[in-house]
Each structure stands twice: as C-alpha cells, then as structure tokens.
Novice: 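So that we are looking at the same thing, I have put the structure below in structure tokens.
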Amino acid sequence: MPTLFEASQKAKSHKHGRPESPRRSKMRPLTSFAVNPDGVRFETQEEEERVILFLRQHVVVNVPWAAIATVLVFAPSLLLPLLVKNVHFVIPTSYLLVGTLAWYLATIGFVLTNFLHWFFNIYIVTNERIVDIDFYYLLFKRFSQAELEKIQDISYSTGGILATVFNYGEVMIETAGEAPNLEFVAVPRPDRVVETIRSITEGLPGSI
C-alpha cells in the first residue's frame, strides 16, 4: 500500500522578514484534492522531493457502489419474510441464520473492496515527477511515474452531468521516450491540475 501519514511537527513560520513557506493543505482521511499537502509521503519519495499535488478520484464516484451496498444491507429483512411465506416447506432457522450471515459477510467484502480501491488509488505531483499508484487488491499495486521534463503534452476532459456539477474529469499526460503515458481518472478540478502541472514544468510557481 502507498505510505501516507500525517507529519507530527508543523512547519514554523519564517521571521525577520523572510518569505513564508507555501501554504499547505491540511490532510483529512477522505481528502481527494490537496495542494502542498501537509505530511504526505510515498514509498519512493526522495529526501529533497516535495509533494505539490495529492489527488484521488472525486468522492462522488463512490455513490453507485454505496447505493448498491445500501440495498444489499436491507435486502435480507425484505426478502426473507417473502421467502419463508412462499416456500412449501419449512426452512430450518439455522439455515436462515447461516445464509444471512454469509450474505452480510459478502456485503462487507463488497464495501471494503470498493472503498480500498478508491482510497489507495492516488495520484501525486511533486517538484520532480508525476506518480500514479493503482491499487488492485491487498497484495498487489502498480506504481507508474513520469519525470516532469519528459512531459510533452497535458490535457483534460469532462463529460456528463455529474462531472459538470461536481467539477471532476480525466487528466491525460503524454510523455516522451519510454516513460508511460499517465491518466488521472475522475479527479477534482482537472483544469487546476493541468494549470499547476504546466506551471511546474515551465519553472513557475503553481497557482491554485
């Protein structure tokens, strides 16, 4: 899994007229967009490397599977009485209990799998590279990266009512050479993401 944690020490403000450090975003458990996030690190981060953008898919993408999970939670209480009423033989109570427990165990697995997939699929932009961490299941993840100087083109697209209302979309990053092309899926504020990455690659401070 990607190594993420909250820093235990807060950055001290500069005194005697020195410029202050860039404003840092406070990380929360379900944060999906953070600029200069406080206390975020990942496995292969270099000592002098600084995280500028931290991204997950917009939280609204969880609504479909959350709705399915809600139906699955209430389904036994609605379906079991109908089943007992309409069958022509007596179902032992122990069978009903075991079946209900198995149903809820499967429901918990469904919820946990979808949540972990959303929570640990993250995109990171640093002052040196772009990192895409794809989480598939507990024992496997894919780590892709592209150096900033190898970026040839960056663009974004949005489509659909939800994407328009909640302002999320896809960010496509084309790279040169053998570096893989990267795609940020359903990330919040895709226009700001593109603007920030372009500012970094041009040697200018990112503006969010």
Side-chain angles (χ1 to χ4, degrees), residues 1-4 6 22-45 49-67 113-136 141-208:
M1 295 181 185
T3 304
L4 304 175
E6 290 292 333
R23 183 178 179 182
R24 304 187 70 83
S25 299
K26 184 177 180 180
M27 288 293 294
R28 295 179 174 80
L30 303 182
T31 295
S32 57
F33 182 96
V35 183
N36 295 314
D38 187 20
V40 172
R41 294 191 62 85
F42 56 97
E43 290 175 322
T44 62
Q45 184 173 351
E49 191 172 12
R50 181 169 58 89
V51 175
I52 297 175
L53 274 180
F54 172 89
L55 303 165
R56 287 192 185 101
Q57 290 184 335
H58 197 290
V59 69
V60 77
V61 303
N62 294 314
V63 170
W65 68 259
T113 298
N114 282 278
F115 176 77
L116 291 179
H117 184 269
W118 172 80
F119 188 81
F120 286 115
N121 275 274
I122 60 177
Y123 312 105
I124 294 174
V125 178
T126 76
N127 58 328
E128 298 180 6
R129 55 182 166 162
I130 297 176
V131 177
D132 179 359
I133 301 175
D134 295 316
F135 177 87
Y136 293 97
K141 65 178 181 290
R142 185 179 66 187
F143 187 97
S144 305
Q145 67 175 18
E147 303 297 329
L148 290 179
E149 59 266 22
K150 294 183 178 179
I151 294 177
Q152 287 189 325
D153 185 56
I154 178 170
S155 60
Y156 75 93
S157 64
T158 60
I161 296 177
L162 285 179
T164 302
V165 171
F166 293 100
N167 190 19
Y168 68 87
E170 328 303 319
V171 175
M172 286 70 70
I173 302 167
E174 297 182 11
T175 59
E178 298 180 356
N181 292 335
L182 301 179
E183 181 178 5
F184 295 177
V185 179
V187 292
R189 309 178 192 179
D191 55 333
R192 302 290 184 87
V193 175
V194 170
E195 177 186 349
T196 302
I197 297 176
R198 282 179 177 166
S199 297
I200 299 170
T201 56
E202 292 171 359
L204 301 174
S207 57
I208 293 290

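Just so it is clear, the model here is predicted, and its values are computed rather than measured. The chain is numbered in sequence order, starting from 1. FYI, side chains are in, hydrogens and waters are out, and symmetry mates aren't considered; it's all heavy atoms of this structure.
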Novice: Identify all side-chain donor-acceptor contacts of residues 148-177 below 3.5 Å with residues at least two apart in sequence or on another chain.
Specialist:
residue	atom	partner	partner atom	Å
Thr164	OG1	Gly160	O	2.9
Glu170	OE1	Ala186	N	3.0
Thr175	OG1	Ala179	O	2.7
Thr175	OG1	Pro180	O	3.1
Thr175	OG1	Asn181	OD1	3.4

Novice: Are any of the side-chain heavy atoms of Val131 and Ser144 separated by less than 4.5 Å?
Specialist: no
Novice: Drop me the distance from Phe54's CZ to Phe33's CZ, to the nearest 0.5 angstrom.
Specialist: 12.0 Å
Novice: Just wondering, do Ile130 and Gln145 contact through their side chains at under 4.5 Å, heavy atoms?
Specialist: no
Novice: Taking Gln45 for its side chain and Glu49 for its backbone only, find out whether a donor-acceptor pair lies under 3.5 Å.
Specialist: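 It does hold such a pair.
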Novice: Look at the side chain of Thr196 and the backbone N and O of Arg192, then say whether any donor-acceptor pair between them is shorter than 3.5 Å.
Specialist: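 Side chain of Thr196 to backbone of Arg192: a pair is present.
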Novice: Checking the side chain of Tyr123 only, and the main-chain atoms of Val185 only, is there a donor and an acceptor separated by less than 3.5 Å?
Specialist: yes
Novice: Ignoring hydrogens and angles, tell me if any N or O in the side chain of Arg56 forms a donor-acceptor pair with the backbone of Phe119 under 3.5 Å.
Specialist: yes
Novice: Would you call Arg50-Glu128 a salt bridge at under 4.0 Å N-O?
Specialist: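 No, this pair does not count.
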Novice: Any chance you could measure Leu116, atom CG, to Tyr136, atom OH, to the nearest 0.5 Å?
Specialist: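 One finds 15.5 Å between CG of Leu116 and OH of Tyr136.
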Novice: Are the side chain of Trp118 and the backbone of Gln57 linked by a donor-acceptor contact shorter than 3.5 Å?
Specialist: yes
Novice: Evaluate the criterion side chain to side chain contact (heavy atoms under 4.5 Å, CB included) for residue pair Asp191 and Glu195; output intermediate values, then yes/no.
Specialist: CA-CA 6 Å; Asp191 55 333; Glu195 177 186 349; over 6 Å; no
Novice: Got a donor-acceptor contact below 3.5 angstrom from the Asn121 side chain to the Phe135 backbone?
Specialist: yes
